[in-house]
Amino acid sequence: MRIVVFLLFFVNFVFAQHNNTQNAYQFFQNGDYEKAIAIYKDLNKKSLNASHYYPFFTSYFNTNQFLQAEKLALGMYKKFPNSINYLAEAGVCQLKGDQRKKAEKTFLLVYKKMNGNTSQSINISNTFKRYSMYQQALDVYEKAEKLNKKADFSIQKAQLYGVLGKSEEMIATYLELLANNPKKKQQVTINIQKFLNNDGISSKKNYEIVKKKLVKQIQKEGERTDFSEMLIWLFMQNHQFELAFLQAKALDRRVESDGEFLFDIAETFLDNEYYVLAVQAYDVIIQKGFSSLYVSAHINRLYALTSQVHQSNIDLTSIDSDYQSVIKEIGINREAVVLLSNYAHFQAFYLKNLDDAMKTLEQAMTIQNASAFNIAECKLEYADILLLDGRVWESLLYYSQVEKDFKESPIGHKAKFKRAKVAFYQGDFDWAQAQLDVLKASTSKLISNDAMDLSLLITDNLGLDTTDVTMKMFSRAELLVFQKKNKEAIATYDSILSIYKGHVLSDEIYFRKAGIYLEEQKIDAAIEMFSVIINEFSFDILADDALYRLAKIYENQKIDRKKSMDLYERILLEYKGSIFAVEARKRFRNLREEIIKKSVNDSI
């Protein structure tokens, strides 16, 4: 009976203890520290329970009872003498309690007892960090590295330098880490990227710090290329493509490579429409002679030249001659399929020579052992040319073939999108919409975005009309644009603007007309169309797009930097959420620097 009573008493005691612990912790979490302290004091009368330490200590600390908190920390240190983070916390309490000299002695004792062990060092440093004592946290790592020559706390030190506002020391530490450990390149790059991003706020100061530290490292990098590559990356990030190209060219000469690095940045030039630089980069690679990049460099170079046709007076005959020369050099083989496909596009859409274009593709599609993917690209190009020639049903056969053969791949999705586009041209909006709904989930971001854009065009403009007459006129005009029948397309667009004044398609029409005028190098007419959108449709979806394109015209065609800057600035101020905001900010900054540099040079 006595045993039963004892067991009942013991169970009740344990249950009560557990309840009290829960209550105390709940008070602590709710910020009711005094009530938490009262319970913890009662629970720890005889001996301090390690599991109670953190909430008990913090409750004292947060109510400015630093003497009691210090005693608690010292009690834990006495119980666990190897855990000197408790001693550090005692020192923090002394400092907060205006016992500075005593705190300094305690901190010296902490450093004296350190052994440089990684987990110990991180534990002590984190203790100081918890109380925003970042310099002391940094001192711990520097002391640990002296005690343990194998220890490397570069990442932690760099982060603390950042918190302390010592940006130059932070970047220098990250780069020193990379110098000592090349495997840390990705981690270092990510952290420097965060510094450059500056929480979305452009900072020339941050850029200059990174640039200065990189240049210093390059001077002593020897045979390694990490820092040169990172400087090129920095220039690319800042859209200083000319500087990036010069640096890449110098690096390429130094390491005597086949041009892999140049090829990579040339593709970025293409993506950002810096076609002149892209051509220069590919020329360097081609001049090296035959290599694994030789054919691709020729293909991309010719693409870059062709892409400049609508921006400058490039001689089409010269490009045609270049194509023929490269094809003759490479020969008609599996390596030339993409080149032949691109040449056929050039023949059809630029030289207006459809018969020769189709012959070129027919020749490409009969090449033995060619990649099935490349042949499929030829078939899509062949279908495009059939559509260009007005042979709609024949074009659909080729699109359907590719879609069927490559159902689950991006090229199959591309074929499906082109079929949907033909249905749109023909005014079969319901069927087109059904295909687009499927394509919105495409793994290809480009196809998915194109499908989304066309889908929105249909739903936004068709749903508001009681009939589809206007939309059918618009879709016919779109087909005429594809077929390069610009005069008829503009006449159709103008008919819509005249007959259906104020129609929701109006801004789309002005935008399409601007594109046609740019293609025909009627720059002033294009400016007029974009200006209409900006002034009369400022709240519609195309307004920021029109602003951006207008800014580029003034930057590249009109060479009016001031006007271009004003337009980029309008995007930043009036359309902060625009997809063009990041690019506009970079271009604005680069133009401003060019103007300042020119002003300085003119004054000398």
Short question: side chain of N238, backbone of L234 - any donor-acceptor pair under 3.5 Å? no

Just checking Y25 against F28, ring centres under 6.0 Å apart? yes

Parallel, tilted or perpendicular: which fits the ring planes of F61 and Y131, with parallel below 30° and perpendicular above 60°? tilted

Whether the side chain of N590 engages the backbone of H239 through a donor-acceptor N/O pair (distance < 3.5 Å, no angle test) should be reported. yes

Distance-only side-chain donor-acceptor flag, S455 / Q433, under 3.5 Å: yes

Could you check if a side-chain atom of S83 sits within less than 4.5 angstrom of a side-chain atom of M76, using non-hydrogen atoms only? no

Less than 4.5 Å apart, side chain to side chain, heavy atoms only: is that true for L439 and S448? no

Looking only at side chains, do Q65 and E34 share a donor and an acceptor under 3.5 Å apart? yes

Is the distance between the ring centroids of F27 and Y33 under 6.0 Å? no

Mark yes or no for whether R587, through its side chain, and M565, through its backbone, hold a donor-acceptor pair below 3.5 Å. no

Chi angles and distances behind the side-chain hydrogen bond (donor to acceptor under 3.5 Å, both in side chains) call for Q193, N197: CA-CA 6 Å; Q193 178 73 76; N197 287 348; 2.9 Å; yes

Output, in order, the C-alpha distance, side-chain angles, deciding distance and verdict of side-chain hydrogen bond (donor to acceptor under 3.5 Å, both in side chains) for Y207 and Q240. CA-CA 12 Å; Y207 163 79; Q240 294 176 296; 2.2 Å; yes

Evaluate whether atom CG of D98 has more than 12 neighbouring non-hydrogen atoms of other residues, nucleotides or ligands under 6.0 angstrom away. no

Kindly say whether F227 contributes a backbone atom to a donor-acceptor pair with the side chain of E221 at under 3.5 angstrom? yes

Can E555 and Y568 be counted as having a side-chain donor-acceptor contact under 3.5 angstrom? yes

F580 and its side-chain contact (heavy atoms from CB on, under 4.5 Å) partner, picked from L547, L572, D544: D544

Using a 4.5 Å cut-off on heavy atoms from C-beta on, say whether the side chain of K204 contacts that of E593. yes

Please confirm whether Y141 and F153 have ring centers closer than 6.0 angstrom. yes

Parallel under 30°, tilted from 30 to 60°, perpendicular over 60°: which one fits the rings of Y274 and F241? perpendicular

State, yes or no, whether a side-chain contact exists between Q94 and F66 at a heavy-atom distance under 4.5 Å. no

Quick one: does F269's side chain get under 4.5 Å of Y282's, heavy atoms only? no

Show your working on salt bridge (charged side-chain N to carboxylate O under 4.0 Å, His left out) between K418 and E403 and close with a plain yes or no. CA-CA 10 Å; K418 285 178 177 289; E403 183 188 358; over 6 Å; no

S125 side chain vs S121 backbone, donor-acceptor pair below 3.5 Å: no

